[in-house]
Amino acid sequence: MTPAVLGWVRRAPLSTALMATIIVGHVASGAFLARLPGPVARNWGFQPADLSDGRWWNIFSTLFLSSSTAAMVLGIAVVAVVVGISEFTVGTLRTAALFCAIQVAAVVLYTVIIGLGSTLGIDSLEGVDQATLLGPFAASAGTLMAASQGISLLWRRRVRVSILSTALMLSVYVGHAQHLFILVAALIGLAAGKVFFKAAGRGGTRRSTSHEIRTILALVVAVFAVGPLAAALAHVAVGPLAMLRTWITNQEPTLSQWQGSCHVANAACQGMVKDLGLFGSGGHLLALMPMLLLLVCAEGLRRGSRLALWVAVYFHLVIGLVSAVYFQVFAGVGLSLRRGHRSLSINESVWELLPVVLMPLLIAVFLIIFRRHFRVETDPVLRRRALIYLPLLLLAVVTLYAVAWLAEGNLEDGVGLPALVAAIPRIVLPYPFPFSYAANIYPHGFFSQLLFSFGGLVLWLASTVSILALFLSRRLHSGGVDDIVAAKALVRRGGDSLSWMTLWAKNQYWFNSAGTVAVAYQAHRGVALTVGGPIGEPEDYESAVDQFLDFCAEESLTPCFYSVNEAPAAMLEQRGFRGIVVAAETLLDVRSMDFKGKDWQNVRTALNKAAKLEITAQWCHYGELTTGQRTQIHEISEDWVSGQALPELGFTLGGLEELKDESVQLALAIDATGRIHAVTSWLPVFSRGEVVSWTLDFMRRNSGSFNGVMEYLIAQAVQHFALTVDYISLSGSPLAGSPRSGSPRSGAAHVGSALAMPAGPGDAVASTAAPSPAVPSPAGTVADGQENTLARMLELLARTLEPVYGFSSLANFKQRFKPRHRSLYLMYQDPLSLPAIGWAVGEAYLPNVSVRSLTKLLRRQ
């Protein structure tokens, strides 16, 4: 721990000095165990009048003052993270200059804004000129906004959107002077960064346009959702949209308010107090449901869901209209009315409430304007189920309340059935009904009171979970017949050792505009997980990769190129991708192998034993097998699968169905009686229409076959293919302990797992190497941590599947042929997507495994 802290201090001396000064200043001010004394705040904290009064030093002294110990701790944390990142990005001297310059510029501009607001009579700025600004928050935010110009495009966008959206939300909903000051400093920092620093990376944002629009709109919706809650929690909210806290605070009095208004002798009133003390919080919790649903909509918008778009539009329109109705009917605010020939003037408070009504309507308008960026269709099956399930759920809640209401004798009350009907909107709508309305229909009886207070809450929670699942789903478009025919033609033009696997079931296909390149992928967890690299004309790969990334951005998919070799990995690295080594492909140079010498003793023993047992290798296609031979192969496979705790793996691991392709060669170890001892399958690798290599896929042996039968079949494959190709691939091999040619990619992490193996039953990796050091930056730090997370996820699955599939023994088997190795990479663009990528890889390889089966297996680890 100490070396890490010392290393951080050496790399961030400015942040360290600022934190130490803040602590000293807080202790010296006398606010360590209490709030900051008023005289200290007035003399050393900044107020807009200080510039005209000549107290210029307050611009800097206020940086080191805190209103309380909690504010001091928050200030230290902000400096450590925000200013620290800036130092790592642009250096200590530049960060210090930015910190001071932005503080001065923000103070000047803030003072000008306050002066203009006072002159123009803007009510929302009234009283702000008397507020004292304390702490390093504004200068820190502006400094990071400027320094973010030197961060990679992905993190630059996230830093800026996060700071601006947070500052804007606090300004318009809470409206304290400090929040406006932070927003001003952030905008100044943004402008300064663009003027004084060159953007890191390629600087282009064209490919991410749709993604950025979706992200910004999602943030707007999320900010609008959380804003009323922030205003409700604030001590005194004075922002222009602070009135929306009414949705959260509701109109029901608290228990203490009830007790203060009830006379002690009024037993009925006291009984109502007791009941509302037990059940009254349901209205406040129900008022939070619009916020929760809007957050769910924001997540759907971020993922590009078209349904989430229209739900968000509808919901904002409803909020705007209901807000107008509420303020008109219940808040006593009326628009101008005509009485005969006389017009009444508009109530002045209407103009203050107008933004509350217009804001959700404007958000709905913007969502409609940018609707073309939302193209992801939800799962039609889930959509049909939701259309049936949600009305039934509403009917169930209403029916249960009616039954409880009648059973507990509420019909005999003075209001009668109208109270039952009037209670239903109060139960299911998160509407700030005045207490006078709720009290008149409040039932008696335990179950009717319980449903009255919490029935709507349960309804909304269940509905929100269902809607979230719907937004996260997507319509799966399996490759049609035409797509498969086109993909087969492109596979023969060019690809890699995994290219034939792109033709397997459950893959989807993307084609470039010219139709000369395709990418096969599977969509899991919002990740487009490719099967190897592109296929088709090699000279069009680069432009096709750019188009595929555009496609992923439009479809709100996270691109992940899985098990690609050096060529596409280098291409993607130029586009800002990072690489994790997930496997090393095992290659045999068949024309130079003669099985002579001590190192080949095991292989020669297998060949001699097979000859003694009169076993020969039969090369054929599945269609050429006799019915008896097909039956034997099925029996061998079923016997192997039945002994496993999990079903066969998928994705890049073939099974019986993949043997049936006419282009796949089979090698059978068969004896004189016709008994099949083992079977392997080999997938063709094409270039310019010619087969240039073969890749091992299916490997199964009869449980009663002799030891060494697989060595025999591989040796036969070496001799068989040496006549036509220079090398063959035994698919993936473990990284640990295996010699590798070349070096790993710069910044790539070495990760091993059973799931990383591109073909065959798979190979486990015995160990992992630590990620290589990344360039000191916030993006690099997060990426390294996320890579370690992905590594742990894949290693857990590797350990889980090892006792089931025996990958280690298979890996050792391949080493007997003295192969050379070629690294295979998992290429990703967004470090924060690595956990989702890990889950996507798991789902791709285990598409049919039940949660119960996987849980049982994980317990063994």
Side-chain angles (χ1 to χ4, degrees), residues 15-51 53 55-84 99-100 102-104 106-111 113-114 117 124-144 163 166-186 189 227 229-239 242 245:
S15 304
T16 305
L18 288 175
M19 289 189 292
T21 308
I22 290 173
I23 295 174
V24 172
H26 185 68
V27 174
S29 68
F32 188 71
L33 298 178
R35 296 191 63 83
L36 184 69
V40 176
R42 287 190 297 272
N43 293 328
W44 299 99
F46 176 78
Q47 294 180 348
D50 288 344
L51 288 183
D53 293 344
R55 292 195 296 268
W56 56 267
W57 57 85
N58 286 2
I59 297 177
F60 300 103
S61 62
T62 192
L63 291 168
F64 310 109
L65 295 179
S66 303
S67 60
S68 64
T69 300
M72 183 268 293
V73 173
L74 179 60
I76 290 175
V78 168
V79 168
V81 175
V82 176
V83 181
F99 190 83
C100 296
I102 288 175
Q103 174 71 4
V104 172
V107 162
V108 173
L109 183 57
Y110 173 82
T111 303
I113 292 175
I114 298 303
S124 59
L125 295 178
E126 185 177 353
V128 174
D129 56 342
Q130 303 299 320
T132 302
L133 305 177
L134 302 173
F137 305 105
S140 299
T143 300
L144 182 56
I163 293 177
T166 302
L168 182 62
M169 183 269 287
L170 293 174
S171 298
V172 298
Y173 282 102
V174 182
H176 291 174
Q178 185 80 306
H179 304 143
L180 178 61
F181 187 43
I182 293 173
L183 179 60
V184 169
L229 179 61
L233 296 177
H235 178 61
V236 178
V238 295
R245 67 184 182 274

Distance col, row Thr111:OG1 vs Ile59:CD1, nearest 0.5 angstrom, shows 7.5 Å
Compare every heavy atom of Ser29 with every heavy atom of Pro37, then report the nearest pair and how far apart it is. CD-O, 3.4 Å
Can you tell me how far the CE atom of Met72 sits from the CD1 atom of Ile23, to the nearest 0.5 Å? 6.0 Å
When rounded to the nearest 0.5 Å, the distance separating CG of Leu36 from OG1 of Thr132 is 9.0 Å
Can you measure from OG (Ser67) to CG (Leu133) and round to the nearest 0.5 angstrom? 11.5 Å
Is Ser66 reaching over with its side chain to a backbone N or O of His26, donor-acceptor style, under 3.5 angstrom? no
Here the pair of heavy atoms bringing Ala186 nearest to Ile163 is CB-CG2, 4.0 Å
Between Ser140 and Val78, the two heavy atoms sitting closest are CB-CG1, 3.8 Å
Which atom names give the shortest non-hydrogen contact between Leu65 and Leu134, and what distance separates them? O-CB, 3.7 Å
Side-chain touch Pro136/Ile22, heavy atoms, less than 4.5 angstrom: yes
Test item: Thr62 and Gln103 side chains (from C-beta on) under 4.5 Å apart, heavy atoms: yes
How many angstroms lie between CD1 in Ile182 and OH in Tyr110, if you round to the nearest 0.5 Å? 11.0 Å
Reported CG-to-CD1 distance for the pair Leu109 and Ile114, which is rounded to 0.5 angstrom: 10.0 Å
Less than 4.5 Å apart, any side-chain heavy atom of Val24 and any of Phe64? no
Side chains of Phe60 and Phe46, heavy atoms from C-beta outward: is any pair under 4.5 Å? no
Please confirm whether the backbone N or O of His179 pairs with a side-chain atom of Ser171, one donor and one acceptor, at under 3.5 Å? yes
At their closest point, which heavy atom of Ser61 faces which heavy atom of Trp44, and how far apart are they? OG-O, 2.6 Å
